[in-house]
Amino acid sequence: MILLIAYLAIFFALSNGSSYNSPDHTDNLTDLNPPTNFRIVDMQFGVLTFAWDSNLSEETMTKFKVKYIYTEKYFDAAQWESESRLDDPEFENKFELHRGVSVRIKNVATQGVKFKGSNWTVMEIPPSGDPETLVSNFSCVLYNNTFMNCTWRPGKKVPTGTRYKMYCKQEDVEIKCAHYYTDLDGRQGCHIGENGIDPSEGVLICINGSNNSSPIRPYYTEVIPRKIEKNNPPFNVEISSNLTVTWEKPSGCVINNHCLVYQLQLTELDENNIEILHVKSDTKFILINANSLKRFSVKVRMKMKGCGESKYWSDWSNEAFFEPKKTFNGRIFVLVFIIILVLAGLLLRIIFRRYKIIMFRPVPDPQRKFKELFEEHNGDFQKWLGYQIPISKYDDCCTVVIEENINCAA
Ligand SMILES: *[C@@H]1O[C@H](CO)[C@@H](O)[C@H](O)[C@H]1NC(C)=O
Ligand SMILES: *[C@@H]1O[C@H](CO)[C@@H](O)[C@H](O)[C@H]1NC(C)=O
Ligand SMILES: *[C@@H]1O[C@H](CO)[C@@H](O)[C@H](O)[C@H]1NC(C)=O
Ligand SMILES: *[C@@H]1O[C@H](CO)[C@@H](O)[C@H](O)[C@H]1NC(C)=O
Ligand SMILES: *[C@@H]1O[C@H](CO)[C@@H](O)[C@H](O)[C@H]1NC(C)=O
Ligand SMILES: *[C@@H]1O[C@H](CO)[C@@H](O)[C@H](O)[C@H]1NC(C)=O
Ligand SMILES: *[C@@H]1O[C@H](CO)[C@@H](O)[C@H](O)[C@H]1NC(C)=O
Ligand SMILES: *[C@@H]1O[C@H](CO)[C@@H](O)[C@H](O)[C@H]1NC(C)=O
Ligand SMILES: *[C@@H]1O[C@H](CO)[C@@H](O)[C@H](O)[C@H]1NC(C)=O
């Protein structure tokens, strides 16, 4: 077993070169032919399917276990990518074809621990069109769950007014651009609308175009929607009196809770102190360090992290505000107490002034009104009546009494 691992290690170490030629393990294996008829059998949106013939004899094919080794290198890269071992003489891979790429394969025959590799068979796939017609600064954003905007800058050598076309494909479905636009920075863009993108699948993109004057170099890429997703902001942000902030994931967001991270921005409104807090997975947070005597506001934003990371944060949610409860805080209490005292004093003064007469008035004394009756007629009612000019019909005795707050019956 250890021997096998050692052999494998040596094999992989050496097979990175152009050919495998270690004499120790060749034994009776004659030199292997390299594969022939290496060809592209399908090409769509930068996805290429290759096939080849091993060109090994029947004898070798039956006597040995034949496999193929595949690797690739972009023209602008320094090294070949890591190798893939294949059972069948075909292979499919995605490429950024505008960079130009070399691919190569070789035969490997094994028998027990013995094996031998052929020379490589190489294919070069150069990009078409002038490099200066290639778009640059390409980027996309997925938003509102299924919408996608992609923007790019036209190549330098492209005649002004040239419209690039963007083609998208997800699984086997081609997606149409809903509309093309030019943004404020002069970048061209394409908007894909409602139900356009399935966020769980990669999107293959090709941007090409044509102009009679110059063939345009097509741009090929793949975007992983979740990695360029700008989620809708969280909503229903609330702060309870016990300083627990709660919020909800935006509707339509199906990302697993444990893949989401949130940022809370806590603003002390009177001091304008801003603090950023980080929350993973949970949709609530207890503000342990917040001072419950201060006014503050909280807003929340989110993104995917931990199951691949999204490039963009959502926008901030609406703000939730916290107003401290009135408490018996020393200074405020004294101040409030003084104000109450002063107000009470003022109130009392007004009341006293208004109702003073009534309040300090002695019990009504009939003697005062009926002065003559008592002073001059010595309480002789008859005499007093005789003296008095007969009471007019309207001079109702009762009226007088009411005016003087004396009960009629008295
Ligand atoms: C290798 O080939 C030689 C003759 O070319 C033969 O004598 C020998 O038995 C072979 N060995 C094996 C392991 O097949
Ligand atoms: C492998 O390549 C070397 C030189 O690159 C060549 O001499 C040799 O003949 C090749 N082997 C085969 C089986 O084509
Ligand atoms: C296949 O290999 C043989 C040698 O075994 C060689 O003569 C022939 O040219 C090869 N076929 C092709 C298509 O390269
Ligand atoms: C492309 O974007 C990068 C930063 O993302 C910027 O530095 C560069 O200037 C941009 N190039 C063009 C041609 O706009
Ligand atoms: C978000 O998508 C829904 C349906 O998918 C749509 O009704 C709504 O208008 C979209 N919101 C924005 C801001 O585009
Ligand atoms: C996407 O493009 C549309 C159409 O130009 C625009 O209304 C919208 O604001 C863009 N959204 C984002 C997130 O870039
Ligand atoms: C080709 O370039 C000309 C400007 O030179 C422009 O008016 C025309 O729209 C372009 N054609 C296409 C198909 O982009
Ligand atoms: C651009 O790419 C699409 C999708 O691969 C293809 O259907 C179309 O013919 C291409 N157009 C040009 C001008 O190359
Ligand atoms: C804080 O209050 C909320 C509702 O007002 C309640 O659901 C939560 O359990 C409380 N938390 C603590 C730690 O008391």
Side-chain angles (χ1 to χ4, degrees), residues 19 29-39 51-64 66 68 89 104-107 109 116 118-123 137-152 163-164 166 168 175-197 199 203 205 223 225-233 236-248 250 252-253 279 282-290 292 298 301-303 310-316 320-323 325:
S19 105
L29 259 183
T30 51
D31 272 356
L32 283 181
N33 288 328
T36 53
N37 197 18
F38 190 16
R39 61 199 183 273
W52 57 91
D53 304 329
S54 68
N55 198 26
L56 298 177
S57 65
E58 279 294 316
E59 199 200 341
T60 313
M61 295 297 278
T62 49
K63 207 166 163 199
F64 299 91
V66 174
Y68 312 96
R104 63 184 189 181
I105 42 163
K106 71 179 173 185
N107 295 321
K116 174 147 181 86
S118 73
N119 284 350
W120 291 105
T121 300
V122 181
M123 188 195 310
N137 278 40
F138 177 83
S139 73
C140 295
V141 54
L142 178 82
Y143 67 103
N144 201 15
N145 304 315
T146 60
F147 293 14
M148 187 168 81
N149 283 6
C150 295
T151 57
W152 58 87
R163 249 302 160 212
Y164 288 85
M166 183 170 109
C168 300
I175 303 153
K176 279 223 162 59
C177 273
H179 80 270
Y180 290 95
Y181 59 91
T182 303
D183 74 9
L184 296 171
D185 279 343
R187 293 155 61 105
Q188 290 186 10
C190 169
H191 166 76
I192 292 170
E194 209 162 316
N195 301 326
I197 300 291
V203 186
I205 292 175
V223 297
R226 290 284 182 225
K227 294 194 175 179
I228 50 146
E229 179 161 22
K230 180 178 175 178
N231 286 106
N232 286 335
N236 256 354
V237 182
E238 282 171 6
I239 311 174
S240 63
S241 54
N242 59 19
L243 296 182
T244 305
V245 184
T246 54
W247 60 90
E248 281 177 53
C253 172
V279 180
D282 231 352
T283 53
K284 71 166 196 285
F285 187 74
I286 300 169
L287 298 168
I288 305 161
N289 293 327
S292 66
V298 173
R301 64 180 184 175
M302 64 178 273
K303 74 171 184 171
S310 167
K311 204 169 146 188
Y312 308 105
W313 283 100
S314 72
D315 286 331
W316 289 105
F321 292 90
F322 180 83
E323 291 287 340
K325 272 208 186 119

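Order of listing sets the numbers, starting from 1, for every ligand and every atom in it. Computation of the quantities below employed the complete heavy-atom set of this structure, encompassing side-chain atoms and omitting hydrogens, waters and symmetry-equivalent molecules.
- Among all protein heavy atoms, the one lying closest to atom 10 (C) of ligand 6 is Asn149 ND2, 2.4 Å.
- Using cut-offs of 30° and 60° for the angle between ring planes, the Trp152 and Phe138 rings count as parallel.
- What you find for Ser310 and Glu229 is that their closest heavy atoms are OG-O, 2.6 Å.
- Annotation: atom 12 (C) of ligand 3 to nearest protein heavy atom, Thr36 CG2, 3.4 Å.
- Side chains of Asn144 and Asn232: a donor on one and an acceptor on the other come within 3.5 Å.
- Which parts of ligand 9 touch Thr244 is read off a 4.0 Å heavy-atom cut-off, strictly below it: atoms 1 (C), 11 (N).
- Heavy-atom proximity to Asn33, at under 4.0 Å, picks out these atoms of ligand 3: 2 (O), 3 (C), 4 (C), 5 (O).
- Between Tyr143 and Phe147, the two ring planes are perpendicular [angle over 60°; tilted spans 30° to 60°].
- For Phe285 and Trp247, the gap between ring centers reaches or exceeds 6.0 Å.
- Atoms of ligand 6 found under 4.0 Å from any heavy atom of His191, numbered from 1 in the order shown, are 1 (C), 2 (O), 3 (C).
- At least 2.5 Å separates the SG atom of Cys168 from that of Cys177.
- Distance remark: protein heavy atom present below 4.0 angstrom from atom 14 (O) of ligand 6.
- For atom 5 (O) of ligand 6, a protein heavy-atom neighbour is found at a distance under 4.0 Å.
- Regarding atom 1 (C) of ligand 9, its nearest protein heavy-atom neighbour is Asn242 ND2, 1.5 Å.
- Of all atoms in ligand 6, numbered sequentially from 1 with element shown, those under 4.0 Å from a heavy atom of His179 are 4 (C), 5 (O).
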Trace of the disulfide (SG to SG under 2.5 Å) decision for Cys190 with Cys150: CA-CA 5 Å; Cys190 169; Cys150 295; over 6 Å; no

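- Looking only at protein heavy atoms, the nearest one to atom 9 (O) of ligand 3 is Asn55 ND2, 4.8 Å.
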